[in-house]
Structures are given as C-alpha cells and as structure tokens.
Amino acid sequence: MFEAEGRPKVIRLKMPLEGEMIVQDAIQGEVRFDYGVLQDMVLLKADGFPTYHLAHVVDDHFMEISHVIRAVEWLSSLPVHWQLWQAFGWAIPTYAHVPVMLNPNGKGKMSKRNPPRDAHGNIIPVLVHDYIASGYLPEAAFNFLANNSWNFGDDQEVYTPQEAVARFDLSGINPTNAALQIDKLDWYNGVYIRQLEPLDLARRLRPFLESSGYEVNVELLSALTPMLQPRLKRLSAEEVMAYAGFLFAEDFPPLPREVLLRGFKGDTATAGTALRSAGEALAGLAAFDAAQIERALRATAEALGMKPKEFFSLLRNALTGQEVTPPLFDTLPLIGRDESLRRLAEAAATLAG
RNA sequence: GCCCCCAUCGUCUAGAGGCCCAGGACGCGGCCCUUUCAAGGCCAAAACACGAGUUCGAAUCUCGUUGGGGGUACCA
C-alpha cells in the first residue's frame with residue numbers, strides 16, 4: 001500500500017522486543033543491553049544505499065576482518081551489529097572499543113570540528129598531519145600516543161614502535177578516557193630530537209626554515225645543528241631563530257648602547273676595554289676553533305679581573321645582539337673570525353662614542 | 001529524559017585483597033652544574049571522588065551517590 005502510494009520505504013533490522021543481550025568486548029568486557037530499549041535500525045535507506053551498520057557487517061565479513069577496533073562512541077551500536085552477525089549466521093569478530101581522546105583540558109572529546117585551544121587561545125592541532133607540520137617528530141608522536149590509554153610497563157616511558165608491538169595486547173588498554181597532555185608531547189619531542197643523528201636533524205630542520213623564507217646554507221646549518229639539538233622542543237624556524245637568528249640575518253647593523261650593555265652592571269669604559277681585549281685575543285689565535293677560543297677568552301677575562309658571567313654577556317651582546325644563544329665558543333667559528341672582530345670593534349666604537 | 005561506558009597526584013599512568021601511610025613520567029617548585037638558554041644530576045610538593053557493605057584485611061570485590069565521557073539519525 002505504501003508503495004502504491006509512491007511513498008519511500010526503508011528496510012530495518014527487527015530486534016527482539018524483550019530480554020537481555022550480552023555482547024563481548026575485548027576492552028570493556030561483557031556489556032548488557034535490554035532489547036526493550038533497542039530500536040529497529042535502518043539497514044537500507046530509501047535511496048537504496050546501506051547504512052553504516054549493514055555495510056560494516058557485510059564488508060567486514062567478506063573482508064574476513066578478525067578484529068574491529070574503534071572508539072567507545074561506537075559501543076552503543078554494538079548490539080545492532082551483534083544482532084546482524086547473528087542474523088546472517090556469520091562468525092562474530094573480536095570487538096574492542098578503545099577510550100576516546102579528551103581535549104587537553106579534559107572537557108569533551110578531541111574533534112577537528114571543535115578544536116581545543118591553549119591558555120592563549122591558540123588552536124591546538126587535532127590531526128596527526130598538523131602535528132607533523134607543527135614540528136613534532138613522527139617517532140615522538142607515536143610514543144606519546146602509545147602512552148595514552150596504554151603503557152609499556154616497567155616504568156619505561158620511551159620506546160620504539162617495534163618494542164611496543166612486541167608487548168602490545170588489547171587487554172592492556174585502559175578503558176578510561178584520556179586527556180592529551182601537550183606538555184608531555186613536547187618533552188617526548190625533545191627526547192627524540194636529541195636522539196637524532198645531528199645531520200639527520202639538520203636535514204629535517206631544513207624544510208621548516210625554507211618554508212619560513214630563510215635561505216639555508218647547508219654547511220652552516222650542519223655546523224649549527226649540534227648546538228641546537230639539546231635546546232629545540234620542535235622543528236620550527238621560530239625556535240631556531242630564537243637561538244641563532246644572528247646567523248641568518250642579512251646584515252648586522254650597529255647595535256645601540258642599551259643592547260650592548262644589557263645585563264652589564266659595570267661602567268661603560270670597562271665594557272669597552274673588555275670588548276677590545278677580546279678582539280685582540282681572538283685576532284692572535286693560530287686557529288679559530290672552539291678550544292682555542294675558550295682558552296683565549298677565559299684567560300682574557302681573568303686578566304681583566306672580570307667574572308666569566310659579565311665578560312661573556314658583554315661578548316654575547318656585541319657578537320649576536322641576542323640575550324640567549326648557544327655557547328659562544330661554539331658559535332664564534334660560525335660567525336667567522338673576520339666578522340667577529342668587526343662586530344667587536346664596532347661595538348667598542350659605539351661605546352667609546 | 002532513556003541507554004551504555006568510565007572514575008588513582010594538575011595531566012598520562014603502575015596497581016588485578018595484604019608487597020601501597022600508593023610507584024613511575026610530564027609539568028610545577030628548589031638545589032647542583034654553568035658565559036645566557038637548554039640539556040643533565042639531585043631533592044620536594046602532589047592522588048586512591050564520596051558513602052555503605054563483603055573480608056581478619058580493600059585503591060583493588062559488591063551496591064548506591066556524585067562526577068566525567070559517549071550514544072540516542074534513512075551520519076559515520
């Protein structure tokens with residue numbers, strides 16, 4: 001009669017009206033549902049296409065799927081699927097409903113539709129791809145994720161996928177929903193960055209610098225990378241520049257007095273003397289390498305009766321213009337002897353004038 | 001509303017009745033190292049949601065409450 005009237009029709013799965021259904025889940029254990037509250041779900045829509053429920057069971061049967069692993073939000077539809085398997089008379093695969101990832105603040109599940117935000121209101125990435133683009137190493141992301149709702153055991157936090165696979169078992173998954181702790185991802189990332197071969201790190205850093213518009217001198221980057229390695233939290237031009245921007249600047253214009261004297265408590269004349277003395281010491285070196293530079297500069301500081309801290313902060317100001325840099329002994333060779341001497345002389349001149 | 005799942009430090013977790021006045025990690029605080037920043041080392045603070053049971057004994061078992069999450073579509 002419906003058809004005669006031209007009305008659309010669907011095909012539903014008839015569920016028992018009463019009784020209790022017991023399903024098995026590898027993580028949640030035995031779950032019970034009253035048939036009374038379960039609906040007759042649509043299997044074929046009016047347009048003739050199957051719903052997920054039908055497609056899932058039919059597809060997975062013919063694809064010989066052994067384990068269905070999905071998030072707990074699917075647990076509610078498990079009875080329908082269970083009933084379908086039984087209706088078809090097919091063997092039911094192992095179901096495992098894993099906990100969902102909660103937003104970092106623990107409120108609501110992670111979703112790209114409503115991305116979480118940090119304390120500053122910035123969007124926190126949701127897609128794995130976005131994490132990679134944000135400078136997180138795949139190996140760090142894996143390790144971090146693996147430690148959510150599961151753990152390696154033996155109080156070991158850092159491990160490889162191979163090690164994890166060897167130990168992993170569905171029954172070891174903690175059914176509790178877990179909030180993502182981005183701070184810990186940052187820590188993992190640092191751990192993995194430090195484990196990289198320096199040249200590998202340099203290679204991975206390069207595209208991030210280039211996409212930010214920096215021209216990369218491969219030799220310089222390779223020499224710089226070991227200094228960056230213990231300091232970087234992520235692969236990002238921003239972090240690299242925070243430490244070594246002075247090596248990437250187009251030119252190095254004269255620095256104002258307040259920059260040159262930043263953090264220095266002594267008088268200007270003393271500062272000027274220190275810079276000139278450092279220049280003289282460096283000029284006389286047989287080789288411009290870290291070991292010789294360190295020996296010469298420490299001797300100079302001692303001769304001047306200055307504490308290393310005040311002496312080196314003056315040099316850092318004059319040579320880099322930055323408050324934070326990798327250790328000077330290592331970075332000076334990257335600046336080069338001539339340019340280093342030029343910067344020291346220029347700074348001394350500024351202070352004298 | 002109804003149904004389902006979950007519940008240990010701020011966060012991720014260890015813990016499957018006595019080994020726990022609860023262990024590890026991140027973060028936080030302090031100290032050491034130190035030319036700045038990191039890294040590294042050491043120390044500290046920090047939790048069994050609550051209430052009833054069961055038991056000689058409960059973070060571990062049961063029930064309830066509260067809280068959180070999810071589902072209630074001709075979406076996945």
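Each chain gets a letter, A, B and so on, in the order the sequences are listed, and its residues count up from 1. Hydrogens, waters and symmetry mates are skipped; everything else that's a heavy atom, side chains included, is used.
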What integer distance in Å separates [X]:[atom1] from [N]:[atom2]?
X       : N      : atom1 : atom2 : answer
H97(A)  : C5(B)  : NE2   : C1'   : 11 Å
Q156(A) : A14(B) : CD    : P     : 15 Å
D40(A)  : A73(B) : CG    : C1'   : 14 Å
N151(A) : U8(B)  : CG    : P     : 14 Å

Side chain E157(A) and base G24(B) donor-acceptor under 3.5 Å: yes
Check this for me: does the side-chain of Q181(A) come within 3.5 Å of the base of C26(B) through a donor and an acceptor? yes
Identify, residue by residue, the members of residues 306-326 of chain A with a heavy atom below 4.0 Å from RNA chain B, and return them in order of residue number, or none. P308(A), K309(A), F312(A), R316(A), E323(A), V324(A), T325(A), P326(A)
Less than 4.0 angstrom from a charged side-chain N to a carboxylate O is my criterion; do K184(A) and E157(A) meet it? yes
Return the polar atom pairs (N/O with N/O) between nucleotides 60-69 of chain B and the protein under 3.5 Å, or none.
{"from": "G69(B)", "atom 1": "O2'", "to": "N177(A)", "atom 2": "OD1", "distance (Å)": "2.9"}

Heavy atoms only, 4.0 Å cut-off, all strands: where does [X] land among base, sugar-phosphate and nothing?
X      : result
E73(A) : sugar-phosphate
V31(A) : sugar-phosphate
F33(A) : sugar-phosphate

